[in-house]
Amino acid sequence: MKILAINGSPRGMNGTTGRLLEEVMAGAVQAGADIEIVTLAQTPVKPCVACDVCHKVGTCPVKDEFEEIKQKLVAADAFILATPNYLLSITAQLKAFLDRCNGLIHLTALEGKYAALVETSGGGGDEDVLEYMQKIVNAMGAQSVGSIGSPGAGHRVFPDQDALFQKARTLGKELCDSVREKRHFPEQDEWRLGFKARMEQLIGYVGEVWPYEQQIVAKR
Ligand SMILES: Cc1cc2nc3c(=O)[nH]c(=O)nc-3n(C[C@H](O)[C@H](O)[C@H](O)COP(=O)(O)O)c2cc1C
């Protein structure tokens, strides 16, 4: 089982988010996952330039490693998104990556995959960030198996750390179990499938302008 972990912290795996992500990954590895980490601090992805080429031909013309990461995401059974809370939201690094995934989002191309979400903060507000990330996962067509978020208590340490790490390991295991058992999270269907219908309608309406997306939707 292949899992891709995408860490949007500028501190990479040396940060507080990286520490919590390590525990989620440990739970997944113990449950049989083969994990690859993409650290956006080391593999920077430039911002989207809104050229619409991804909608027309299916690939992004901006020159960096985005397409390579995208292929890994498409090939994975599941993925983990991790970020520190930056100004009540995700980091610019993760946002740039997700913006570049707009082609995948139009086609809800990650349908059938599962995701787990990881967030850390200085002082809380974790749920808002995790809720936003779940929407992005659902917009990609994937289902979220759950999330973990916590304020830090210093660099790479947390309040009530043992309980938090236990929860993180359980989340990693849940991600693997969800892939194996092809679990369904019906509470996400209304938003997830509503978004898919909206995107199909948009692609149908725009028609010839986005031939790549039109072709894929026509084959469904
Ligand atoms: C630019 C910036 C913005 C931040 N904004 C918030 C915020 O809005 N709310 C919060 O609780 N913590 C905020 N923090 C604190 C980080 O979320 C927190 O320290 C996090 O655990 C850092 O994770 P890292 O070590 O993986 O980078 C901010 C930190 C930075 C550098």
Side-chain angles (χ1 to χ4, degrees), residues 1-6 8 24 28 33 48 50 52-60 66 69-83 89-90 94-119 126-149 170-220:
M1 179 188 312
K2 279 191 190 155
I3 296 182
L4 187 70
I6 301 176
V24 177
C48 173
D52 278 359
V53 170
C54 59
H55 309 313
K56 291 174 181 155
V57 307
T59 52
C60 179
F66 169 72
I69 304 172
K70 186 180 95 179
Q71 291 315 323
K72 287 176 183 176
L73 192 55
V74 169
D77 299 297
F79 58 102
I80 304 171
L81 297 179
T83 185
S89 188
I90 62 177
L94 184 58
K95 184 61 164 52
F97 174 75
L98 294 172
D99 285 346
R100 293 278 293 283
C101 289
N102 203 26
L104 295 179
I105 286 173
H106 273 199
L107 294 168
T108 48
L110 302 188
E111 204 165 348
K113 298 188 195 299
Y114 296 89
L117 306 169
V118 178
E119 181 265 7
D126 308 300
E127 277 310 314
D128 289 346
V129 181
L130 291 168
E131 264 176 42
Y132 167 70
M133 287 163 81
Q134 181 178 313
K135 282 220 165 80
I136 302 293
V137 164
N138 288 163
M140 289 170 150
Q143 298 181 90
S144 167
V145 312
S147 62
I148 189 158
T170 302
L171 177 60
K173 182 182 179 313
E174 289 288 303
L175 185 58
C176 293
D177 291 349
S178 299
V179 172
R180 274 197 199 99
E181 296 163 17
K182 295 191 186 341
R183 283 187 190 163
H184 181 207
F185 295 83
E187 70 282 3
Q188 294 170 35
D189 279 356
E190 190 180 346
W191 198 91
R192 190 172 65 87
L193 300 177
F195 185 87
K196 179 181 180 181
R198 198 147 51 84
M199 285 299 111
E200 286 185 347
Q201 198 179 26
L202 174 69
I203 290 163
Y205 173 75
V206 171
E208 295 299 320
V209 179
W210 295 340
Y212 173 77
E213 292 183 351
Q214 190 190 33
Q215 216 177 27
I216 292 194
V217 169
K219 280 189 205 147
R220 281 181 182 161

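Keep in mind that the numbers below use all heavy atoms, side chains included, and drop hydrogens, waters and symmetry copies. None of these values were measured; they are calculated from a predicted model.
L4 and I69 get closest at one heavy-atom pair: CD2-O, 4.1 Å. Between I3 and A28 the shortest heavy-atom distance is CD1-CB, 4.1 Å. V137 and S144 get closest at one heavy-atom pair: CG1-N, 4.0 Å. Residues W191 and A139 share a closest heavy-atom pair of CZ3-N, 3.7 Å. In terms of heavy-atom proximity, V217 sits nearest to E200 at CG1-CG, 4.2 Å. Nearest heavy atoms, L175 versus F79: CD2-O, 4.1 Å.
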### Task
Let me see the working for V129 and L117 under side-chain contact (heavy atoms from CB on, under 4.5 Å), right down to the final yes or no.
CA-CA 10 Å; V129 181; L117 306 169; over 6 Å; no
### Message
Would M199 and L107 count as a side-chain contact (heavy atoms from CB on, under 4.5 Å) here? Give the steps.
### Response
CA-CA 7 Å; M199 285 299 111; L107 294 168; over 6 Å; no
#### Entry: Residue pair Q214, H55: steps toward the side-chain contact (heavy atoms from CB on, under 4.5 Å) verdict
CA-CA 9 Å; Q214 190 190 33; H55 309 313; over 6 Å; no
### Task
Could you give me the CA-CA distance, side-chain angles and deciding distance for I90 and F97, then say whether side-chain contact (heavy atoms from CB on, under 4.5 Å) is met?
CA-CA 11 Å; I90 62 177; F97 174 75; over 6 Å; no
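A distance of 10.0 Å separates CD1 of I105 from OG1 of T108, quoted to the nearest 0.5 Å. Atom SG of residue C101 and atom CE of residue M140 lie 4.0 Å apart, to the nearest 0.5 angstrom. In this structure, CE on M133 lies 6.0 Å from OG1 on T83, to the nearest 0.5 angstrom. Here the CG atom belonging to L130 is positioned 4.0 Å from the OG atom belonging to S147, to the nearest 0.5 angstrom. The distance from the NZ atom of K95 to the SG atom of C48 is 9.0 Å, given to the nearest 0.5 Å. With rounding to the nearest 0.5 angstrom, the CG atom of L81 is 6.0 Å from the CG atom of L98.
In terms of modelled atom types and a separation under 3.5 Å, the side chain of R192 and the main chain of G141 share a donor-acceptor contact. In this structure, the side chain of N138 engages the main chain of A142 through a donor-acceptor pair within 3.5 Å. Checked by atom type and distance alone, the side chain of D77 never pairs as donor or acceptor with a backbone atom of V179 at under 3.5 Å. Judged purely by atom type and a 3.5 angstrom limit, Y114 uses its side chain to pair as donor or acceptor with the backbone of R183. Between the side chain of Q143 and the main chain of A115, no donor-acceptor pair closer than 3.5 Å is present.
Counting non-hydrogen atoms of neighbouring residues, nucleotides and ligands closer than 6.0 angstrom, the CD atom of Q201 reaches no more than 12 such neighbours. Counted within 6.0 Å of CD on E181, heavy atoms from surrounding residues, nucleotides or ligands total more than 12; the atom is thus considered enclosed. Applying the 6.0 Å contact sphere to NZ of K113 captures more than 12 heavy atoms from other residues, nucleotides or ligands. With a 6.0 Å radius and a threshold of 12 heavy atoms from other residues, nucleotides or ligands, E187 has its CD atom above the threshold.
In this structure the side chain of S178 reaches within 4.5 angstrom of the side chain of F185, judged on heavy atoms. Using a 4.5 Å cut-off on side-chain heavy atoms (C-beta onward), L202 and W210 make contact.
The existence of a salt bridge linking K56 and D52 is excluded, since no basic side-chain nitrogen approaches an acidic carboxylate oxygen closer than 4.0 Å.
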